[in-house]
Trainee: 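Okay, here's the structure, questions in a sec.
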Amino acid sequence: MATKKKQTPNLQNDSWVVIAADSVIDTQKNDSDPAFVRLRNPSTDAASLYMLSSGDVQLFEVKAFEEDFHSWFVGQTVQRDGRLLFLTPMDPLYLILPYLMTSGKEGKFQPVDQVVMDEEFPACSRLLSLTRSLAFLHHIAEEKEVGKLKFHRYNQEKTMNWLKKKVERTVAMLKARSISVGEGVKSITYIRVKSDSDYHEEDYLRYAHGLISQYLSEDLSKALLDHLQLPELTSPKETEPPSKKRKLSDKPVEAGEDYTKFNSADFVRKPSKKMTAAQKSLAKVDKTGMKTMSSFFSPKAKAENK
Amino acid sequence: MSCNTSVTRVDVSSVGQAQRAPVHLLPCEIEHNGPAQVSQYLTATTKDCKLEKTVSFRGRGLKGQELSCPQGYTGLVLKEINKPGSDQEDRTVKVSSVFDKLTYWNLETPPNSDDTIVMAMDWPELAEAIHGPVED
């Protein structure tokens, strides 16, 4: 690898390029503005950035797509930070689930507003206002009504069935879009293939399971694997270099150039290294616990790191 | 930990005044934030061919392609006008520009469907599969 030029940290970053669902900027019904909030990430248990829409109606996930050595031109200005952020609608049940599971250990039916509370992340109680929260709690919990009051208790079997449907939806989408899910793809990113007949149902299931697991605790991810009747992998494929499988380009590049990264298939795995140093000094809105796009598309990385 | 309580508001009313700006993603890091003569030195010399755009930027040949935002999505450039003094204060960002397509540039490599930015545009559809409501 070429020696890297020392870089100055990007301290003055004050703008972000975002691709947002149209509903983010649609505030006709409410007068409040949408806002970025920090909530507990169900997979990492640490803070991540999410967005609550105007009037706390809808939840959005914030995902950063990043490649090394990129910057933007916006109009007649340079923006050094070359990341592209996506704001996409998110199912709030993924975030509510850990709270219900914790309280479910007591085995009692409880009012959810007493369960979905977090001293560290006070915004989490706002999750219950979302249109897709209370109305869909029955996917993950038993309900009991006493008078006008509703009580809930976490239910593993319901949750597994709900998650299985999520996996099936995702499998259907992957097939429809002919997204490659085979071994060797995982550490690069996903790719399109012309024919998907090479892939087996199990490849799709595992891939979709990996995608969904980005929103689950480790235990729940394992339980889901069981529920899908997929044995845990002991990953003998580790020996195969992922870059061997495919390269984005086989064009020769001049030695000693930083730009080699653009032609090698593994450059998308790099951001985490660079991000940590730079991120610390960055303004808050764009850092906390956000996963990079590339980490998202390597669903099995979590399991293999063990 | 207290910074978890602060929120960053997006001033949506600013969308109305936001300009439509051409947006380019460049294959290099430019250690600068601020004005640049983009139309004079990049846009003016860009050649539009059938399959790709080409331009010479700082003596290097770039090959680029225009990408549209996914359906149902809008490109926004958010800008923070006043930075707060501490990390516990709430913050506000404005929408300074909007776009419905962007141009990304590769160094030498012709743009193709395996480019990571092209694949990133599939993310909203994949997210819909993962996050859309499931039936009972």
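This is a predicted model, so every value here is computed, not measured. Values reported hereafter were calculated over all heavy atoms of this structure, with side chains retained and with hydrogens, waters and symmetry mates removed. Within every chain, numbering begins at 1; the chains are lettered A, B, ... in the order of the sequence lines, protein sequences first and strands thereafter.
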Trainee: Need one label for B:Ser39: side chain, backbone, both or neither, based on atoms under 4.5 Å from any heavy atom in chain A.
Mentor: both
Trainee: Does any backbone or side-chain atom of B:Val15 lie under 4.5 Å from a heavy atom of chain A? Answer side chain, backbone, both or neither.
Mentor: side chain
Trainee: Is chain B contacted by the side chain of A:Pro122, its backbone, both, or neither, given a heavy-atom distance below 4.5 Å?
Mentor: side chain
Trainee: Any side-chain heavy atom of A:Arg80 sitting closer than 4.5 Å to one from B:His32?
Mentor: no
Trainee: Side chain, backbone, both or neither: which part of A:Leu84 has a heavy atom under 4.5 Å from chain B?
Mentor: side chain
Trainee: Any side-chain heavy atom of A:Ile19 sitting closer than 4.5 Å to one from B:Trp123?
Mentor: no
Trainee: To the nearest 0.5 Å, what is the distance between CG (B:Asn33) and OG1 (A:Thr77)?
Mentor: 8.5 Å
Trainee: Taking B:Ala127, B:Pro35, B:Gly72, B:Ala21 one by one, which has the highest count of heavy-atom pairs under 4.5 Å against chain A?
Mentor: B:Gly72
Trainee: Taking B:Gly75, B:Pro22, B:Cys69 one by one, which has the highest count of heavy-atom pairs under 4.5 Å against chain A?
Mentor: B:Pro22
Trainee: Working to the nearest 0.5 Å, report the span between CD of A:Glu119 and CG of B:Asn4.
Mentor: 12.5 Å
Trainee: Mind checking whether A:Trp72 and B:Phe99 have parallel, tilted or perpendicular rings, split at 30° and 60°?
Mentor: tilted
Trainee: Tell me, for B:Leu102 versus chain A, whether the close heavy atoms (under 4.5 Å) come from the side chain, the backbone, both or neither.
Mentor: side chain
Trainee: With rounding to the nearest 0.5 angstrom, report the CZ to CG distance, A:Phe36 to B:Leu78.
Mentor: 5.5 Å
Trainee: For B:Glu128, is there any backbone N or O sitting under 3.5 Å from a side-chain donor or acceptor partner on A:Arg169?
Mentor: yes
Trainee: May I ask you to check whether A:His70 and B:Tyr104 place their ring centers less than 6.0 Å from one another?
Mentor: no
Trainee: I'd like to know which of A:Val74, A:Leu52, A:Val24 tops the heavy-atom pair count under 4.5 Å against chain B.
Mentor: A:Val74
Trainee: Less than 4.5 Å to any heavy atom of chain B: does that hold for the side chain of A:Met173, its backbone, both, or neither?
Mentor: side chain
Trainee: Of the backbone (N, CA, C, O) and the side chain (C-beta and beyond), which part of A:Ala21 lies under 4.5 Å from a heavy atom of chain B, both, or neither?
Mentor: both
Trainee: Is any side-chain heavy atom of A:Phe73 closer than 4.5 Å to one of B:Thr103?
Mentor: no
Trainee: Which heavy atom of A:Asp33 sits nearest a heavy atom of B:Asp11, and at what distance?
Mentor: OD2-CA, 3.7 Å
Trainee: Could you grab the distance from atom CG of B:Leu25 to atom CZ of A:Arg83, nearest 0.5 Å is fine?
Mentor: 13.0 Å
Trainee: Are the side chains of A:Gln76 and B:Gln40 in touch, meaning some heavy atoms are under 4.5 Å apart?
Mentor: no
Trainee: For A:Lys158, I'd like to know if atom NZ has over 12 heavy atoms of other residues, nucleotides or ligands within 6.0 Å.
Mentor: yes
Trainee: Go through B:Val12, B:Leu26, B:Val77, B:Val7 and name the one with the most non-hydrogen pairs under 4.5 angstrom from chain A.
Mentor: B:Leu26
Trainee: Would you say the side-chain atoms of B:His131 and A:Tyr215 include a donor-acceptor pair closer than 3.5 Å?
Mentor: yes
Trainee: Report which part of B:Glu125 has an atom under 4.5 Å of a heavy atom belonging to chain A: side chain, backbone, both, or neither.
Mentor: both
Trainee: Answer yes or no: is there a side-chain heavy-atom contact under 4.5 Å between B:Tyr73 and A:Thr88?
Mentor: yes
Trainee: How far apart are the closest heavy atoms of A:Phe86 and B:Ala120, and which atoms are they?
Mentor: CZ-O, 3.4 Å
Trainee: Is any side-chain heavy atom of A:Leu174 less than 4.5 Å from a side-chain heavy atom of B:Leu126?
Mentor: yes
Trainee: Highest number of heavy-atom pairs under 4.5 Å with chain A: which of B:Leu76, B:Thr43, B:Val23?
Mentor: B:Leu76
Trainee: Relative to chain B, which segment of A:Leu87 carries a heavy atom at a distance below 4.5 Å: side chain, backbone, both, or neither?
Mentor: backbone
Trainee: Once you round to the nearest 0.5 Å, how far does NZ of B:Lys79 lie from CH2 of A:Trp16?
Mentor: 9.0 Å
Trainee: Within a reach of under 6.0 Å around CG of B:Asn82, are more than 12 heavy atoms found that belong to other residues, nucleotides or ligands?
Mentor: no
Trainee: Between B:Thr92, B:Val95, B:Ile117, B:Leu42, which residue shows the highest count of heavy-atom pairs closer than 4.5 Å to chain A?
Mentor: B:Ile117
Trainee: Are any of the side-chain heavy atoms of B:Ile130 and A:Lys166 separated by less than 4.5 Å?
Mentor: no
Trainee: State, with a plain yes or no, whether a side-chain heavy atom of A:Ser32 is found less than 4.5 Å away from one of B:Arg9.
Mentor: no
